[in-house]
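Structure first, commentary second.
To find a chain, count down the sequence lines: A is the first, B the second, and so on, and within it residues start at 1.
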Amino acid sequence: MTPLHWRSAAEIAAQVAAREVSAVEVTRAHLDRIAALDRRLGCYLLVDGDGALAQAAAVDRAIAAGDSPGLLAGVPVGLKDLLVTEGVATTAGSKILAGFIPPYDGTAVARLRQAGAVILGKLNMDEFAMGSSTENSAFGPVRNPWDESRVPGGSSGGSAAAVAAGLCAVALGTDTGGSIRQPAALSGVVGLKPTYGRVSRHGVIAFASSLDQVGPLARTVEDCALTLEAIAGHDPKDATSIDAPVPRYRDACTAAAADLSGLRVGVPEEFFAAGLDPEIERLVRAAIAKLADLGARVVPASLPNSEHSLATYYLVATAEASSNLARYDGVRYGLRVRDPGDDLNTMYQKSRAAGFGTEVKRRIMLGTYALRAGYYDAYYLRAQKVRALIKRDFDRAFATCDVIATPTSPIPAFRLGDRTEDPLAMYLADIYTISCNLAGLPGLSVPCGFTTSNTLPTGLQLLGPPLGESTVLRVAAAYQRATDWHTRHPPGAERSTP
Amino acid sequence: MTPYESVIGLECHVQLATHSKIFSGASASFGGAPNTYTDPYTLALPGTLPVLNRRAVACALKMSLATGCTIRRVSRFARKHYFYPDLPKGYQISQYDEPIAEHGRIDFLLDGTPRAVRLTRIHMEEDAGKSTHVAGAAYSLVDLNRAGVPLIEVVSEPDLRSAKEAAEYLRAIRQLVRYLGICDGNMEEGSLRCDANVSIRPVGDVAYGTRTELKNMNSFKHVQAAIEYEVARQTEVLESGQRVVQETRLWDEGRGTSHPMRSKEQAHDYRYFPEPDLPPLVVTEAEIEALRSSLPELPLARRARFMDRLGLSPQDAALLTAEREIADYYEQVVAAGPSCDPKRAANWVGGELLRELHRDERPIAQSPVSPTALAELIALVAGGTISGKIAKDVLATMYASGESSKEIVAREGLLQVSDESELLRVCQKVIEANPKQVEKFRGGNDKLLGFFVGQAMKETGGRAHPERVNQILRRLLA
Amino acid sequence: MKITRDEVRATAALARLALTDEEITRLTRELDAILVYMEKLAAVDVEGIEPMTHAVALACPLREDALGPQLTVEKALADAPASEDGCFLVPRIIAHDKEA
């Protein structure tokens with residue numbers, strides 16, 4: 001019998017619905033495990049034990065009363081702390097939100113609750129989702145469960161590590177330039193960034209508004225599909241939300257859908273260029289060969305402007321971030337630093353200097369600079385135009401293929417502290433994930449093997465056309481059916497099972 | 001002394017009459033206790049997003065159509081950044097290089113002469129909150145009730161040439177927005193605000209002089225006074241051989257002077273960029289046509305019609321079209337009585353009725369005397385049932401009690417006496433009672449006829465038909 | 001050099017960030033390196049390309065003009081570092097602070 005903490009969300013929901021196990025039992029098992037393991041890993045910023053048990057009890061009661069169980073009945077979920085939760089402290093990984101207790105739930109969170117999910121707590125992250133290693137959290141780093149001397153990736157590092165270590169069945173993360181997919185790859189779990197507008201951004205603390213998306217991380221593709229089904233869909237509270245019906249994404253993960261005959265997998269050679277770890281290249285190419293075994297036709301794809309994506313991304317994202325973070329001024333909520341006699345501007349400057357970490361300040365500075373009169377045309381406006389070219393590349397590529405397959409990250413999990421001194425080197429960790437956000441496309445990372453040198457997980461990235469989540473999920477689920485990478489657990493987490 | 005010409009452009013902020021704010025469901029009402037009209041978006045809580053108010057867009061489009069603007073089928077919102085405690089997000093959502101409407105004009109009359117001022121643009125934006133500087137204290141207080149209330153900014157070309165013209169232009173805007181029902185136009189409460197850009201140049205010059213921006217003028221009177229002051233000040237500066245400094249100046253109502261805002265340490269840089277949270281605003285032809293057909297007749301057109309079709313004097317027509325509700329009321333009076341003479345109705349509405357309403361500061365929409373009731377009263381006078389003099393008293397009673405004119409006339413026995421034998425009896429009585437005056441009249445003092453008429457009117461409680469009495473008296477005294 | 005210390009200082013003032021001299025030195029160096037990297041965009045031919053402001057082309061949806069849930073003044077001020085008389089309290093504002 002699989003221990004509760006390694007069961008998938010699909011299994012838990014079915015068993016809770018059938019009253020084979022209670023939501024309270026599942027929740028307790030996870031809370032116990034968090035208590036035992038998380039001191040070391042640092043995934044959770046806040047564990048809402050009482051709240052979770054109360055939700056679980058409510059789910060059990062509703063099912064006992066004959067209510068139809070939700071899609072995620074009794075599934076223990078962790079939330080990246082960028083997602084606003086009513087009455088539960090929300091920090092965005094930043095000191096500047098010290099003491100902030102939101103008076104409302106975001107839409108994705110509310111939909112999770114409606115689906116019967118049990119929210120265990122809030123997960124660690126790079127401050128304001130700015131980072132690729134979770135070392136930029138104001139509250140300490142997260143350790144990679146596969147090798148605790150290494151980072152889990154970021155910015156949704158707490159989400160990825162918690163899922164990998166069995167500290168929740170599913171986590172929500174956010175992805176602005178790869179912040180779901182890159183940590184999923186580095187931590188050996190599945191991570192899905194939906195099409196921009198597929199999941200509401202209402203209640204998601206903004207980093208870069210035109211790029212941010214919420215999405216699930218889980219150990220199986222099917223769990224990502226289930227979770228997406230629960231949280232996706234039009235939201236009148238988000239003007240950029242797409243008004244399109246939500247399909248039964250889980251249908252893309254069935255055995256019947258696993259035959260990939262006729263499906264065209266595009267492989268852009270631009271994503272296998274210098275800087276790619278040779279072991280990762282080997283594993284990703286092997287994974288693509290596996291897709292061919294499953295019936296898919298592998299075709300070349302060309303994304304010539306992807307070499308500009310990193311520069312484009314860091315202009316667009318930092319410009320928007322510098323604007324989105326202007327509201328943290330110590331007036332209505334959050335940190336205020338003021339010495340006697342300080343005037344208003346000094347209060348602003350001290351509060352923001354003390355509240356924001358180094359990377360956030362760097363990006364605010366870059367973004368502010370890029371928007372300044374005299375620089376706008378050369379930087380921001382030009383980046384928006386190159387962004388259009390990047391999007392156009394994808395439109396053309398998807399005319400001749402159904403999904404695009406690439407590595408998720410050029411490198412496996414690196415050691416804590418290895419890249420903190422060189423911001424550009426850190427930015428390069430996102431090189432393969434960024435263009436998907438710029439183009440607004442769905443992208444998924446699925447585990448595709450381990451490096452032989454140090455047994456670190458590797459991810460295959462699958463990109464689809466707008467609203468092509470079902471296709472991406474179908475390919476990933478078929479791959480997962482044909483492989484067993486996802487059945488392995490981090491040795492440390494396995495040993496520590498309470 | 002060089003003769004100078006003033007060059008003035010106005011930027012008017014018009015608060016749109018919506019229930020909720022431009023980007024959220026918080027109340028857009030005026031005057032609640034501080035911070036009672038807020039929601040998470042108004043406070044710029046993390047994770048909140050703007051969703052555009054349909055009615056605010058409709059209001060902006062109505063103004064754009066009424067001023068003949070070219071409406072952009074696709075317009076965009078942009079973020080304008082600056083730090084200030086009354087600006088919760090650290091940026092204002094406004095429109096920048098693609099506003100909803102451009103190239104319009106405002107027509108108005110300056111001393112009876114038609115004037116047209118070109119509009120550069122109309123754009124939509126959100127209002128800021130309010131900070132109160134606590135006298136003597138080391139702190140200020142911030143109320144966000146007003147933050148997020150929808151505004152349109154109406155920007156004119158520098159076409160205005162005098163302070164008085166600027167004030168008339170502003171009155172025309174106020175009249176227009178009230179006609180359109182998109183703003184109450186209340187300058188004291190700040191629902192209509194304006195900044196003025198003022199420069200002067202030697203008459204005949206084409207190039208503009210250096211301009212200053214005037215802020216903080218809360219009434220038509222102050223707009224005019226502040227511009228007059230500024231024109232005089234700039235004239236003095238130039239006459240003394242100095243240069244006008246480009247600056248923003250605050251009008252001090254109490255002192256009747258303006259002073260510059262302290263010079264900024266660095267130029268402001270608003271860092272505009274397209275608002276990523278709001279897709280472009282698309283306006284369809286059908287929406288524009290639907291709004292166009294819903295527009296009311298505009299003030300100048302209505303005034304012209306009242307003159308041409310109803311034969312009113314320019315003064316009466318202007319008075320009766322000053323407010324859409326007054327014009328509507330007036331037209332209802334005219335329509336209510338088939339025999340209701342438009343000019344006579346104009347006198348009643350523009351005279352007695354407005355006087356009563358004005359005294360009570362009551363809007364005409366809340367007049368206790370309905371248009372039909374007033375039409376009835378006018379008909380009673382026209383038909384000779386009551387005298388015009390009595391009718392004024394009757395109107396006062398109607399206004400106070402809400403009764404109909406017929407009820408009052410019947411109860412108080414105010415029917416006009418036109419019966420020949422009755423009038424003859426009254427006149428004979430008056431003559432018999434005043435033998436001395438009769439003697440003087442017959443001796444050639446014609447002016448005494450008025451005395452006899454007055455006595456006859458007094459005898460009948462004012463109900464005697466004045467012309468008939470006149471005739472009878474002349475006959476009897478002859 | 002793509003960016004000078006003075007520009008870094010001016011940018012920090014715009015962004016309301018108090019920076020130490022060391023931070024300014026470090027940021028000048030880092031931002032310069034990043035901006036040099038960004039230079040590659042200058043070579044891209046973007047003639048006639050419309051800037052892409054949104055990831056998905058949508059038209060702005062409109063909301064009916066109706067009141068939603070309002071916060072009570074207590075809730076509105078609950079997270080405020082300082083408040084008084086139902087208002088957010090800030091250091092004294094002088095008119096020129098705005099837009100500085």
Side-chain angles (χ1 to χ4, degrees), chain B residues 18-20 23-28 33-40 42-43 45 51-57 74 76-77 81-87 90 131-134 137-144 250 261-266 268-271 273-276 278-282, chain C residues 3-19 31 49-100:
Chain B
T18 56
H19 300 297
S20 63
F23 297 123
S24 80
S27 169
N35 293 303
T36 49
Y37 301 147
T38 74
D39 59 6
T42 307
L43 301 184
L45 293 190
V51 186
L52 184 57
N53 183 330
R54 182 186 300 280
R55 184 167 155 76
V57 176
V74 178
R76 282 176 196 278
F77 288 92
H81 299 85
Y82 61 93
F83 282 88
Y84 204 64
D86 66 16
L87 189 70
S131 348
T132 311
H133 318 298
V134 182
Y139 56 86
S140 299
L141 296 176
V142 181
D143 168 16
L144 297 178
L250 292 180
M261 288 171 80
R262 209 175 79 176
S263 68
K264 296 150 194 171
E265 277 155 12
Q266 59 197 34
H268 46 88
D269 185 339
Y270 292 132
R271 288 162 285 136
F273 81 100
E275 169 56 89
L278 293 169
L281 174 61
V282 178
Chain C
I3 188 166
T4 64
R5 277 179 72 87
D6 282 348
E7 285 175 312
V8 170
R9 251 186 242 285
T11 305
L14 268 180
R16 298 295 189 276
L17 288 172
L19 297 179
L31 293 182
I49 301 295
E50 279 295 304
M52 180 172 164
T53 54
H54 294 84
V56 175
L58 297 172
C60 193
L62 299 174
R63 171 179 67 77
E64 294 311 317
D65 178 27
L67 296 192
Q70 317 279 309
L71 288 176
T72 61
V73 62
E74 292 75 24
K75 271 206 160 181
L77 299 174
D79 284 313
S83 62
E84 190 178 293
D85 294 338
C87 291
F88 298 96
L89 189 150
V90 296
R92 191 161 66 93
I93 299 168
I94 314 158
H96 73 268
D97 284 341
K98 197 170 194 165
E99 302 169 12

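Annotation: the span from Thr11(C) atom OG1 to Asp269(B) atom CG amounts to 9.0 Å, rounded to 0.5 Å. Here CG of Leu89(C) is found 5.5 Å from CG of Leu141(B). Values are rounded to the nearest 0.5 Å. Summarising the geometry, atom OH belonging to Tyr270(B) is positioned 11.5 Å from atom CG belonging to Leu14(C); distances are rounded to the nearest 0.5 Å. Within the model, atoms CG of Leu67(C) and OG1 of Thr18(B) stand 9.5 Å from one another, a figure rounded to the nearest 0.5 Å.
Heavy-atom distances place both the backbone and the side chain of Leu52(B) under 4.5 Å from chain C. Residue contact with chain C, scored on non-hydrogen atoms closer than 4.5 Å, involves the backbone of Ala137(B) exclusively. Of the two parts of Thr132(B), neither the backbone nor the side chain holds a non-hydrogen atom closer than 4.5 Å to a non-hydrogen atom of chain C. With a threshold of 4.5 angstrom between heavy atoms, Phe23(B) approaches chain C through N, CA, C or O but not through any side-chain atom. Interface residue Pro69(C): only backbone heavy atoms are found under 4.5 Å from chain B. Contact of Leu87(B) with chain C is not made at all, since no heavy-atom distance falls under 4.5 Å. Residue Ala33(B): no heavy atom, backbone or side chain, is found under 4.5 Å from chain C. With a 4.5 Å cut-off on non-hydrogen atoms, Ala15(C) touches chain B through its backbone but not through its side chain.
Taking both residues in full, the closest heavy atoms of Pro279(B) and Leu58(C) are given as CB-O, 3.2 Å, listed atom of the first, atom of the second, then distance. Between Cys60(C) and Leu281(B) the shortest heavy-atom distance is CB-CA, 3.9 Å. Taking both residues in full, the closest heavy atoms of Thr38(B) and Ala76(C) are given as OG1-CB, 3.7 Å, listed atom of the first, atom of the second, then distance. Considering every non-hydrogen atom in both Pro40(B) and Leu71(C), the closest pair reads N-CD1, 3.8 Å. Of all non-hydrogen atoms in Asn35(B) and Phe88(C), the two that sit nearest each other are OD1-CE1, 3.6 Å.
Annotation: maximal heavy-atom pairing with chain B below 4.5 Å, among Val56(C), Val73(C), Thr72(C), occurs at Val73(C). For the set Ala138(B), Ala28(B), Pro274(B), the count of heavy-atom pairs under 4.5 angstrom toward chain C peaks at Ala138(B). Ranked by non-hydrogen atom pairs under 4.5 Å with chain B, the options Ala55(C), Ser83(C), Ala66(C) are led by Ala66(C).
In this structure the side chain of Leu62(C) never reaches within 4.5 angstrom of the side chain of Asn53(B), judged on heavy atoms. Between Arg76(B) and Thr53(C), some side-chain heavy-atom pair lies under the 4.5 Å cut-off. Considering only heavy atoms from C-beta on, Asp39(B) stays 4.5 Å or farther from Gln70(C) through its side chain. Within the 4.5 Å cutoff, side-chain heavy atoms of Phe83(B) are placed close to those of Arg16(C).
At distances below 3.5 Å, at least one donor-acceptor pair connects side-chain atoms of Arg63(C) with backbone N or O atoms of Val51(B). Using a distance-only test at 3.5 Å, with no hydrogens or angles considered, no donor-acceptor pair links the side chain of Asp65(C) to the main chain of Arg55(B). One N or O on the side chain of His54(C) and one on the backbone of Glu275(B) form a donor-acceptor pair closer than 3.5 Å.
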